[in-house]
Enquirer: 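Got a structure for you, written out below as structure tokens; questions coming shortly.
Chain naming here is simple, since letters A, B, ... match the order of the sequence lines and numbering starts at 1 in each. Remember, predicted model here, so these are calculated numbers, not experimental data.
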2 protein chains.
Amino acid sequence: MENLTALFKEKNLKLTPQRYAIYKYLKSTKSHPSAEMIYEALKPDFPTMSLATVYKTVNTLIELGLVQELNVGEDNFRFDANVENHPHIVCTKCGRVDDIEDAVFEHLNKEVENYTSYKVSTHKLYFYGVCPKCQKELQ
Amino acid sequence: MENLTALFKEKNLKLTPQRYAIYKYLKSTKSHPSAEMIYEALKPDFPTMSLATVYKTVNTLIELGLVQELNVGEDNFRFDANVENHPHIVCTKCGRVDDIEDAVFEHLNKEVENYTSYKVSTHKLYFYGVCPKCQKELQ
DNA sequence: ATACCTGCAAAGGTTTTGCACATAC
DNA sequence: GTATGTGCAAAACCTTTGCAGGTAT
């Protein structure tokens, strides 16, 4: 987080309050918010901030390698400040999106190369199921 | 394919020429076309068909379980009439999307349950790399 | 001081919807 | 004959862009 100042300076980017707040919010949450959700979450503290600024900022953060983009099958993108390659899981009842922590599937890239002629470099893995809370409510 | 008539009848849906052509086209191709690509591909034979009909039809086909939707990280969806759960691979150079055939990763669902409290039912796996043709062109 | 950034509004792209006409059954 | 589907245009989304004014450095 302290490296932010240095990184932004290096790229001749300005570390504005909006950019700082958006990154801090993404770092603080595991909810994988969409642009709209970020915008709503920061509205109390940044009532004049526009949705366009959210979009511009997340794109800047992606270019800097500080944030990654997800698409779990919705009509919009979600964002994650955990840039380690990790799988996600989506609740098919309530729609929440969680990280699958400590599960590393990097070896799948090599496995896939046995089935294709592609040189495989990365992957995005999305699992779908019912979260603990929704399991309880279904009983 | 012959079951189409029966399935549509059962659901009180009409098997129109447009619907038949869209499904046949999706069955015939491995290119994972978007709605726009389907629309363009069928334009020679169905010059009066509208893009709205393509969207309505693919949604009908999805509800029938005849087609699945993909999002490889583009701003639109692609469609696949191979409804077996299979991984996809995207060329990061040319954007083509291929099936990864014969690679079954159903066991990952159970593996993931060791890392979460979700009941896992399905998954979508997207791999990214460079396709054979683009590998040659890079040399 | 100045290059970069924000906020607004407009535009662009994808997908959905409403409705009159058409058509599969 | 009638319920369902098509095609068109408009609308509803999500996201990007252009630009004038603002701000971090």
Enquirer: Output, in order, the C-alpha distance, side-chain angles, deciding distance and verdict of side-chain contact (heavy atoms from CB on, under 4.5 Å) for A:Leu13 and A:Arg19.
Expert: CA-CA 10 Å; A:Leu13 295 171; A:Arg19 284 174 170 178; 3.9 Å; yes

Enquirer: Could you tell me the separation between the CG atom of A:Leu13 and the C1' atom of C:dT6, rounded to a whole number of Å?
Expert: 14 Å

Enquirer: Among the nucleotides C:dT6, C:dT15, C:dC19, which one has an atom lying closest to any side-chain atom of A:Arg19?
Expert: C:dT6

Enquirer: In this structure, how many angstroms lie between the C1' atom of C:dC4 and the CD atom of A:Glu10, rounded?
Expert: 17 Å

Enquirer: Within the supplied structure, the quantity of interest is the number of heavy atoms (other residues, nucleotides, ligands) at a distance under 6.0 Å from B:Glu84 CD; does it exceed 12?
Expert: no

Enquirer: Using atom CG of A:Asn71 as one end and atom C1' of D:dT15 as the other, report the distance to the nearest whole Å.
Expert: 13 Å

Enquirer: When you get a sec, tell me which of C:dC4, D:dT6, C:dC25 is the closest nucleotide to the side chain of A:Lys14?
Expert: C:dC4

Enquirer: Which residue, B:Ser34 or B:Phe8, contacts DNA chain C at a nucleotide closer to its 5' end, judged by nearest heavy atom?
Expert: B:Ser34

Enquirer: Whole angstrom is fine here: how far is it from NZ in A:Lys56 over to C1' in D:dC14?
Expert: 15 Å

Enquirer: Just to confirm, is there a sub-4.0 Å distance from OP1 or OP2 of C:dG7 to any side-chain nitrogen or oxygen of A:Gln18?
Expert: yes

Enquirer: Tell me whether the OP1 or OP2 atom of C:dT16 has a side-chain N or O from B:Asn59 closer than 4.0 Å.
Expert: yes

Enquirer: Roughly how many Å is it from NZ in B:Lys9 to C1' in D:dT4, rounded to a whole number?
Expert: 15 Å

Enquirer: Donor-acceptor pair, distance only, cut-off 3.5 Å: does the side chain of A:Asn71 make one with the backbone of B:Glu74?
Expert: no

Enquirer: For the atom pair CZ (B:Phe8) and OH (B:Tyr20), what is the distance rounded to the nearest 0.5 Å?
Expert: 11.0 Å

Enquirer: Can you pull out the residues from residues 39-55 of chain B that lie within a 4.0 Å heavy-atom distance of DNA chain D?
Expert: B:Thr48, B:Met49, B:Ser50, B:Ala52, B:Thr53

Enquirer: When you get a sec, tell me which of D:dT6, D:dC14, C:dT6 is the closest nucleotide to the side chain of B:Thr16?
Expert: D:dT6

Enquirer: List, by chain and then residue number, the residues other than A:Phe127 in its hydrophobic cluster (Ile/Leu/Val/Met/Phe/Trp/Tyr, side-chain heavy atoms under 4.5 Å); write none if there are no others.
Expert: A:Ile89, A:Ile100, A:Phe105, A:Leu108, A:Val112, A:Tyr115, A:Tyr118, A:Val120, A:Leu125, B:Ile89, B:Ile100, B:Phe105, B:Leu108, B:Val112, B:Tyr115, B:Tyr118, B:Val120, B:Leu125, B:Phe127

Enquirer: So, A:Thr92 side chain and A:Gly129 main chain: donor-acceptor pair closer than 3.5 Å or not?
Expert: yes

Enquirer: What is the separation between atom CG on B:Asp75 and atom P on D:dC14, rounded to the nearest whole Å?
Expert: 14 Å

Enquirer: Please report the distance, rounded to the nearest Å, between CD1 in B:Ile38 and P in C:dT14.
Expert: 14 Å

Enquirer: Between A:Glu101 and B:Thr116, is there a donor-acceptor pair closer than 3.5 Å when you use the side chain of the first and the backbone of the second?
Expert: no

Enquirer: Starting at atom CZ of B:Phe77, determine the distance to atom P of D:dT15, rounded to an integer number of angstrom.
Expert: 11 Å

